[in-house]
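In what follows, a structure is listed as structure tokens, so that the remarks can point back to it.
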Amino acid sequence: DVLVANNFCDSIVVTVLDFYQTPQLMISSSPSPAEICLGDTVTLEASLGFDTYSWNNGILNGVLFEVNTSQDYILTGINNINNCSSNDTVTVNVLSLPIINAGLDDSLCIGDSVQISANGGISYLWSPNNNISNNTISNPYVFPVIYTDYVVIGTDLNNCSNTDTVGIVIKNSPTISVSNDTSICLGDTISIFANGGSSYIWLNTDFISNTNVNNPTIWPSTSSIYNVIITGANTCSDTAEVNISVNSLPVIAGGNDLFICLGDTASLSVTGAIDYQWIPNINISSQVSNNIQVWPQLSTNYIVRGIDNNF
């Protein structure tokens, strides 16, 4: 109140001041607290009670936005009627992403497996979840049949995630060929072969001239299977086999030795085969019959070779 003297008269001027209660301005965040991984989004929203809001960083109230660096966000709320304002500040912390390393690309032969491994996180998830022993561990085995990129998501203690990729190349198996299955007579030898590789290992080591060449000579005493591992220049291998049947020799019966007088003829008969060959071809009625006549001029050994239907 103010007292004023005017011509010895008194007057009083009264000024009334009105005080307005400003509501408290508060910021809420989603997620809360405002701590996010690099590249993630956050929402900041002001409490009710003001007519207009202004953010110092130019963001929009209640609208998702991406944050790449930690910084403070200051909000000003204003009541239009009395022009009263209030401020609040929130700090958005940006957490670095883990450095996930899935290793170098690798290769394998079709049908093989290889172990891949990731580090930099505390939990992992591999995709695709195909031809893999376990897609939730750091070091699974994979066995794809075509070229495959395996992508791993690694997550750290802050629940931040990052990815890395490892490619698995499939190497071709050698294109191989081997001898046809065949049969031999007991005591015979035969050459077998394998082609299409740069190195060879024959697994049957009995009655074979060399187990490390592509074309060994063999002389098995019984029917046998000769397995071979054929390795190409890219270290991929394939296997094949050659079946060898061993036929028993025919049992040839030529009868007992004979004694004849000079000028006489003797009959010789043989059994046990289908084809025959007699030697020597001297004083003999036939070289190829199983029943022959001979009239030697001196003591002679007639030898017959019999061949059965196994040739």
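This is a predicted model, so every value here is computed, not measured. FYI, side chains are in, hydrogens and waters are out, and symmetry mates aren't considered; it's all heavy atoms of this structure.
- For Ser198 (side chain) and Thr231 (main-chain N/O), a donor-acceptor pair under 3.5 Å exists by modelled atom type.
- Of all heavy-atom pairs spanning Asp164 and Gly103, the tightest one is OD2-N, 4.3 Å.
- The two atoms that bring Pro174 and Gly232 nearest to each other are CG-N, 4.0 Å, heavy atoms only.
- Annotation: the span from Ile218 atom CD1 to Ile208 atom CD1 amounts to 7.0 Å, rounded to 0.5 Å.
- The side chain to side chain contact (heavy atoms under 4.5 Å, CB included) with Trp295 is formed by just one residue from the set Thr300, Ile284, Ile282, Asn283; it is Asn283.
- A donor-acceptor pair under 3.5 Å is absent between the side-chain atoms of Ser127 and the main chain of Asn129, judged by distance alone.
- At a threshold of 4.5 Å between non-hydrogen side-chain atoms, the residues Tyr73 and Ile59 count as touching.
- When all heavy atoms of Tyr150 and Pro144 are compared, the pair lying nearest together is OH-CB, 3.8 Å.
- Nearest approach of Ile230 to Gly196, heavy atoms of both residues: CG2-C, 4.2 Å.
- In this structure, the side chains of Ile27 and Glu45 stay at 4.5 Å or more apart for every pair of heavy atoms.
- Heavy-atom contacts from other residues, nucleotides or ligands closer than 6.0 Å to OH of Tyr141 number 12 or fewer.
- Separating the CG atom in Asn180 from the CD1 atom in Ile192 is a distance of 12.0 Å, to the nearest 0.5 Å.
- Checked by atom type, the side-chain pair Ser267/Gln293 shows a donor-acceptor distance below 3.5 Å.
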